[in-house]
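A short write-up of the structure that comes next.
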2 protein chains.
Amino acid sequence: MSRKGRKEQILQEASHLFSHKGYHGTKIRDISEASGILSGSLYAHIQSKEDLLFEITDRGGDAFLDALRPIVESEAPAEEKFRRGLKAHVRVIAENLEAATVFFHEWKALTDERRKIIQEKRDEYEALWARILDDGERRGEWQLTDAKFTRLLLLSAANGLYQWYRPEGDLTPEEIARRFADILLNGVAGKKGERTIGGCEQV
Amino acid sequence: MSRKGRKEQILQEASHLFSHKGYHGTKIRDISEASGILSGSLYAHIQSKEDLLFEITDRGGDAFLDALRPIVESEAPAEEKFRRGLKAHVRVIAENLEAATVFFHEWKALTDERRKIIQEKRDEYEALWARILDDGERRGEWQLTDAKFTRLLLLSAANGLYQWYRPEGDLTPEEIARRFADILLNGVAGKKGERTIGGCEQV
DNA sequence: GATCAAACCAAGCAAGCGCTTGTTTTTTGG
DNA sequence: CCAAAAAACAAGCGCTTGCTTGGTTTGATC
């Protein structure tokens with residue numbers, strides 16, 4: 001197989017195995033077997049097992065950042081940013097479920113510098129969401145009683161999606177994101193207010 | 001050291017290591033070293049490394065179930081159950097942070113039957129929350145547009161707490177639970193309505 | 001169809017893994 | 001104070017780990 005194709009295949013198999021068995025629970029021979037080559041032959045394509053983990057998590061981080069950044073930097077109202085951001089977030093998870101799982105669940109297995117790089121991307125992602133929340137407050141679209149706490153709850157809920165999202169489920173990523181936003185903006189009871197844009201009116 | 005004391009110490013050290021480095025990332029010699037004995041001496045107290053993981057996760061599951069069950073089975077209004085349930089949930093995490101982390105993060109490393117036991121406890125816990133949500137709907141305290149989705153979001157947010165809760169933080173577990181409930185019931189903007197009991201009025 | 005680099009295989013190394021065994025030390029109860 | 005029991009040690013076994021090495025096959029290029 002061609003160099004690039006094989007490398008991508010290895011990354012995909014590694015994502016699959018890491019997301020299901022964890023980084024330390026996945027052995028280099030598991031990856032080679034899934035890739036259809038011997039374990040020694042892997043090292044024509046990678047330098048180390050940890051390289052695989054880093055590349056998967058690093059790409060995952062970039063996917064989230066690249067999706068959210070343009071939304072944050074746009075000129076839309078905060079609630080629209082909020083809803084578009086959630087839509088982007090859900091879509092990234094839906095389209096890269098295994099990589100996203102590794103990004104959220106296994107990044108701590110990285111050592112030192114590489115772990116720090118991923119940590120920084122996670123921090124940056126959190127900061128982007130903080131900007132959205134802060135933006136809405138400055139524009140008077142909402143008043144948060146505790147911005148930091150709100151951000152943590154929002155991210156916990158959103159980042160937990162990888163644990164239950166299944167592509168064969170009956171909700172599309174867009175619908176998931178909309179319900180997500182409705183609940184977070186208006187509460188679980190789905191109170192409809194003047195503040196809601198593109199809410200759950202068709203349900 | 002006495003048999004019981006040593007065993008508890010080993011469980012605690014294992015919880016600490018598992019929660020920070022993961023089950024597969026923690027070696028039996030790490031645990032013995034942290035416990036101040038040689039690795040072989042561990043086996044006077046445990047039967048296997050996996051026994052430790054099972055005991056930690058099993059106790060964790062029981063802690064959550066024992067805290068929530070009496071609340072669900074009480075006769076209080078649904079919103080009170082909701083708030084008391086969240087308070088119990090946060091308290092269990094706060095008082096058993098490392099065990100809770102292992103329960104949420106490492107239980108999948110268990111093999112077969114034991115994994116199934118933990119899975120069933122997780123399912124039961126989720127079902128208890130479903131009863132609370134359903135209860136509020138039957139009593140007319142709220143109308144959920146999607147009960148299953150609401151439950152998943154609620155649990156994602158609540159279960160994610162172990163990732164950012166720090167005992168040295170400035171919010172007490174009770175305050176965390178109250179803000180949690182306020183946001184989930186009324187939305188991030190903290191709209192105060194007739195539905196709110198014991199809300200964030202003192203903030 | 002000779003060339004040559006990329007891709008792969010076959011074999012295995014050094015280190016580390018979970019755990020066992022046989023022995024010594026420490027604790028405990030009469 | 002002594003014997004039984006519990007706890008810990010010292011040593012290492014059989015296996016697996018991530019990775020390396022040296023040689024062979026494959027496939028594109030001229």
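Here the structure is a predicted model, which means the values were calculated and not measured. Throughout, protein chains are lettered first and strands after them, A, B, ... in sequence-line order, and every chain is numbered starting at 1. Every heavy atom of this structure was used, including side-chain atoms; hydrogens, water molecules and symmetry mates were not.
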In this structure, how many angstroms lie between the [atom2] atom of [N] and the [atom1] atom of [X], rounded?
X       : N      : atom1 : atom2 : value
B/Leu42 : C/dG18 : CG    : P     : 10 Å
A/Asp51 : D/dG18 : CG    : P     : 14 Å
B/Lys49 : C/dC17 : NZ    : P     : 9 Å
A/Glu33 : C/dC8  : CD    : P     : 16 Å
A/Leu38 : D/dG18 : CG    : P     : 15 Å
B/Asp30 : C/dG16 : CG    : P     : 12 Å
A/Gln47 : D/dG18 : CD    : C1'   : 14 Å
A/Glu50 : D/dT17 : CD    : P     : 18 Å

* Structure fact -> Per the under-4.0 Å heavy-atom filter, residues of residues 17-25 of chain B near DNA chain D come out as none

* So what does A/Ser35 touch, heavy atoms closer than 4.0 Å: a base, only the sugar-phosphate, or nothing? ->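 Nothing: the residue A/Ser35, judged by heavy atoms under 4.0 Å, touches no strand.
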
* Asked: With a non-hydrogen cut-off below 4.0 angstrom, is A/Ser32 in contact with a base, only sugar-phosphate, or nothing?
  ->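 Contact class for A/Ser32: none.
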
Can [X] and [Y] be counted as an ion pair, charged N to O under 4.0 angstrom?
X        : Y        : result
A/Lys148 : B/Asp170 : no
A/Glu174 : A/Arg178 : no
B/Asp66  : B/Arg69  : yes
B/Arg114 : B/Asp58  : no

* Asked: Ignoring hydrogens and angles, does a donor from either the side chain of A/Arg29 or the base of D/dG18 sit under 3.5 Å from an acceptor on the other?
  -> yes

* Measure distances between side-chain N and O atoms of B/Ser39 and base N and O atoms of C/dC19, and say whether any donor-acceptor pair falls under 3.5 Å. =>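 Present.
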
Respond yes when some side-chain nitrogen or oxygen of [X] is under 4.0 Å from OP1 or OP2 of [N], and no when none is.
X       : N      : value
B/Arg6  : D/dA8  : yes
B/His45 : D/dA8  : yes
B/Tyr43 : C/dT20 : no

* Asked: With distance as the sole criterion, is a donor-acceptor pair present between the side chains of A/Arg6 and A/Gln9 under 3.5 Å?
  ->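 A/Gln9 and A/Arg6 do have a side-chain donor-acceptor pair below 3.5 Å.
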
* Aromatic ring proximity B/Phe18/B/His24, centre distance under 6.0 Å ->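 Judged by ring-centre distance (under 6.0 Å), B/Phe18 and B/His24 do not meet the cut-off.
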
Consider the side chain of [X], meaning its heavy atoms from C-beta on, and name the nucleotide among [options] that approaches it most closely.
X       : options               : result
B/Ile37 : C/dC9, C/dG18, D/dC9  : D/dC9
A/Lys27 : D/dT17, C/dC19, D/dA8 : D/dT17
A/Ser41 : D/dA10, C/dC9, C/dC19 : C/dC9

* Got a sec: does the CD of B/Gln163 have more than 12 other heavy atoms crowding it under 6.0 Å? -> yes

* Structure fact -> To the nearest 0.5 Å, atom NZ of B/Lys121 lies from atom CG of B/Asp62 at 3.5 Å

